[in-house]
Amino acid sequence: MSEELNEVNVDSMAVLVEYIARSLVDEPNEVKVVVKEGEGEVTIELSVAKDDMGKVIGKQGRIAKAIRTVVRAASLKSDRKYTVDIL
């Protein structure tokens, strides 16, 4: 496999988070993803409609934890740390 296919970029991580969130909520047009880059760290801020917040967080935060786990797994080959904040 080429090196380019193994690279993780910020845009692909944002698209991944947005796709997962849109699949979970009743109002997919209200899903917004903002990326903030720092030194060696990228924060992906996810916001959804107020009524959909529970669907993204899940019981006892299980869905939110799963989203963060998927992002962490997808970014293993990256030299950056990715975090997901749900606003």
Do you know which two heavy atoms are closest between M53 and L87, and how far apart they sit?
CE-O, 2.8 Å
Examine V35 and V15 and state if one hydrophobic cluster contains both, with Ile, Leu, Val, Met, Phe, Trp and Tyr joined whenever side-chain heavy atoms are less than 4.5 Å apart.
no
According to side chain to side chain contact (heavy atoms under 4.5 Å, CB included), who are the partners of V70, at least two apart in sequence or on a separate chain?
L16, I20
Side chain to side chain contact (heavy atoms under 4.5 Å, CB included) involving A64 - partner list, sequence neighbours excluded
R68, I86
Which residue pairs pass the salt bridge (charged side-chain N to carboxylate O under 4.0 Å, His left out) test when at least one of the two sits in residues 19-32, sequence neighbours left out?
E18-R22, D26-K55
Residues two or more places apart in sequence or in another chain: which of them pass salt bridge (Lys or Arg N to Asp or Glu O under 4.0 Å) with E39?
none
Any link between I57 and Y19 through a network of hydrophobic side chains (Ile, Leu, Val, Met, Phe, Trp, Tyr) touching at under 4.5 Å?
no
Residues two or more places apart in sequence or in another chain: which of them pass side-chain hydrogen bond (donor to acceptor under 3.5 Å, both in side chains) with T83?
T43
Do you know which two heavy atoms are closest between N9 and Y82, and how far apart they sit?
C-OH, 3.8 Å
Only one of V34, V17, V10 clears side chain to side chain contact (heavy atoms under 4.5 Å, CB included) with I44; which?
V17
Sorted by chain and number, sequence neighbours left out, side chain to side chain contact (heavy atoms under 4.5 Å, CB included) with I63 holds for L24, I67
I need the R72 CZ to K81 NZ distance, nearest 0.5 Å.
9.0 Å
